[in-house]
Amino acid sequence: MLEVLLVGNPNSGKTTLFNSLTRSHEHVGNWHGVTVENKKKEFALEGKSFLLVDTPGIYSLCPLSFEEKVAVKEIFDSENKKIINICDGNNLKRNLYLTLCLMESGCDCVVAVNRIVKSGKQKIDFQKLSKLLGVPVIDIDAEKGRGLEELKKSLSAEKGAYELPYLKKIQLKCVPADRYFTIKAYERDEQFFQDRGVQPNEVFSQIPDDSMQIISKLRFEYIDTLLAQCQTDENVVYGKSKFDKILLNKWLAFPVFLLILSGIFYLTFFSFGEFLSTLFGNFLTTITQPILKLIENSLGQNAVYDFFANALFGGLGTVLSFLPQVVLLFFFLSILEDSGYMARVAFIFEDILGKVGLSGKSVYTLLMGFGCSTSAIMTSRNMEDKNAKIKTAILCPYMSCSAKIPIYTVIGGAFFGAKNLLYIVGLYVLGVVVALVISKILDKTVLKSQKQSFILEFPPYRSTSLKRIASILWKNSKDFLIRVGSVMISMNIIVWLLSSFSFSFSYIRTSGGTSMLEGFGRIFAPIFSPLGFDNWAIVASLLSGLVAKEVVVSSIAMFNGIDSGATQLLSNSILLSSSLIHFSSKAAVVSFLVYCLLYTPCIASISMLLQEIGRKWTIISVIIQLLVAYFVALVVYNLFFAIEIFGFGATFFVLLMFAISCLAICFVFRLVRGKKFCHRCDRCNKKCNFKK
Amino acid sequence: MNKNAFQENTTYKICGYKGKVDPVCRRFMELGLVVGEKIRVCAKSLQKKVVLIEVRGYLLSVRASLLEKVQVEKC
């Protein structure tokens, strides 16, 4: 089967074209490095089947980051292939560089000029450009579908002959005497020669020292010559905007970013999001109540009724009612992604993240972590430095993912009421702070970052289309429902069976006794006693949360005997009932929420970590998560417990005294150490190299 | 080249590259930072560790320390 590879610069519209050609809904964004792995799908054209491959963005055939290596490998490995080289029509000056690299390698390619944002009256003579290049050049709009028929037709065309005149200017006397080997030698692509068993230094010794400068200049000069003949130049700077005066302003950039983020969280968790969630919860209750009544009337309140009421409608209904909030969060994150603002955020955060051994590019991965840790971990591939990639992937689970929204809203809402907003914001901030501290520790110890190569282009600002909004809403709703329908149903059945039957498999609601889950819960419960929640049911819900975080709330709902999807009802039940789930104090609630925020993520995230950073680092990551969650929850519990007993003022005073004592000890230690160690100069407090 | 080497709203012309060509230098050249090309510094981050440059009609943000290898002269 003929493979059709979609190859182009990052953010040129490859995935958008892939979606249009195959009617898929793959993730797209106005940001560098959204696609990090090859995506393949069959599509038919005039009776023939093609395998369309969407590759990660590259600038040339010399890869730098992990995802670029994936794309270049695909280009060189595929034998029966045709390449669609997608160029951003607004930035041909740079995009044609890759076209020339592909043509030099002898690839059979078609150039698709994608024009998403129309900049002024810039005109391109596509026929002339095609004639000059010697390959088909087609004007397309990947999103709206313009020019796709012509592009499909061009795939059936035979490979034409073309010549690149500038190649005559470079020495072709290299060993082995092959044109492409000479080009790669000029590019000083060591990896290329190593892969083919050739010593790179032997080859490089035969070419000028500034060979890379020579070949890149020749390519750009040729591009300028081409474009001078077929494009009207307007001197428009692609990506430049008046908004950047505010959004990149040294003093306004951070407050504006925080304002945007706060707005998103406020709309998602409160006001609009809360309203939609309650509405959807009530809707679910209206549907489930008559069914339950029907079962009760026909079968009575037996095990079957209990299963439907607690495991199915109670547990799942509670989580389902959060569907609007989860979708809303993904929707806002997608708008951020599409807008082009993410590159600006990476720019402003590079300074701060550089200090903890991360790159500004990590911002994208970490922000995506607020949506779903699993997909966020995957985006860490766009890091060039291996250690930075491992660190970013390890830190993703500390960003509070959307699956934790039900936990905060239900448990926090029950105990803190309107003040829950502050607790939720606090939890999100705590996750970020813990992640930064861990990154700094890792950077200073086992994962020292190399010099980061932060090079990122700025895309233009863009609005999200209605089609894209619909696609986002549909995709995330579908993913959430599939997750609820598969993992959660099976998990809820297991939890229900374990909590309803004893070790001798007798139904405990009628025969009494201890359930299997209670048995397991009681084994682990003492471990959590210092954190303020040694209740077996809470511990059991945490254990079930290892599969998926949503299961924590559905388990709690099940243990409380909630048979409805209404959040308010569940919150009230936890607060008022004499049910299994109860917390000894508010400090224990905060401690529980902190533990939920920081402990091991779901199984899907762990398997993704395994895939991206290997077994060793995944195990280390899980151990770190468990230890950090325990330690931070312990500190938070004791702090809040002290506030509950002694009041805020007294606790603050003690903490202040403690901090001052620590500082004093450090100061004294520093002086003592200085006197002890600096025996060379007797003048400074440090061990110096002064020689008397 | 220290972090204050590139001044905001100033145009520079690339003269060459210092030392051995490493993957980062190669990436710069692939992005259009070739000898003779003009670049304009549009903005700097708060601590001046990242610069936003205008090159070949588009914007590129780069860590300032990476530009140490690029030899420039003021236009």
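Below, chains carry the letters A, B, ... as their sequence lines are ordered, and counting in each starts from 1. As the structure is a prediction and not an experimental result, all values here were calculated from the model.
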*Could you tell me whether the side chain of A:Ser12 and the main chain of A:Gly8 form a donor-acceptor pair under 3.5 Å?*
no

_Determine whether a donor-acceptor pair (N or O, by modelled atom type, separation under 3.5 Å) exists between the side chain of A:Asp351 and the backbone of B:Ser45._
no

Residue, of [options], that accumulates the most heavy atom pairs under 4.5 Å with chain B:
options: A:Glu190, A:Lys240, A:Gln213; value: A:Gln213
options: A:Arg94, A:Arg219, A:Glu187, A:Lys217; value: A:Arg94
options: A:Asn249, A:Val237, A:Asp244; value: A:Val237

*Would you mind telling me which of B:Gly57, B:Ser61, B:Gly16 has the largest number of heavy-atom pairs within less than 4.5 Å of chain A?*
B:Ser61

Where does [X] contact chain A at under 4.5 Å (heavy atoms): side chain, backbone, both or neither?
X: B:Val62; answer: both
X: B:Ile53; answer: neither
X: B:Glu30; answer: both

_Pairing of A:Asp224 and B:Arg56 as salt bridge, 4.0 angstrom limit_ = yes

*Side chains of A:Leu247 and A:Val256: does their closest heavy-atom pair fall under 4.5 Å?*
yes

*Partner set under ring pair (Phe, Tyr, Trp, His ring centres under 6.0 Å) for B:Phe28, not counting sequence neighbours*: none

*Sequence neighbours left out, what passes ring pair (Phe, Tyr, Trp, His ring centres under 6.0 Å) with A:Tyr97? Give chain and number order.*
A:Phe220

Measure distances from [X] to the heavy atoms of chain B and classify the residue's part below 4.5 Å as side chain, backbone, both or neither.
X: A:Leu98; result: neither
X: A:Lys245; result: neither
X: A:Ile348; result: neither

*Taking the six-membered ring of A:Phe192 as reference, does the NZ or CZ atom of A:Lys184 fall below 6.0 Å from its centre and within a 45° cone about the axis?*
yes

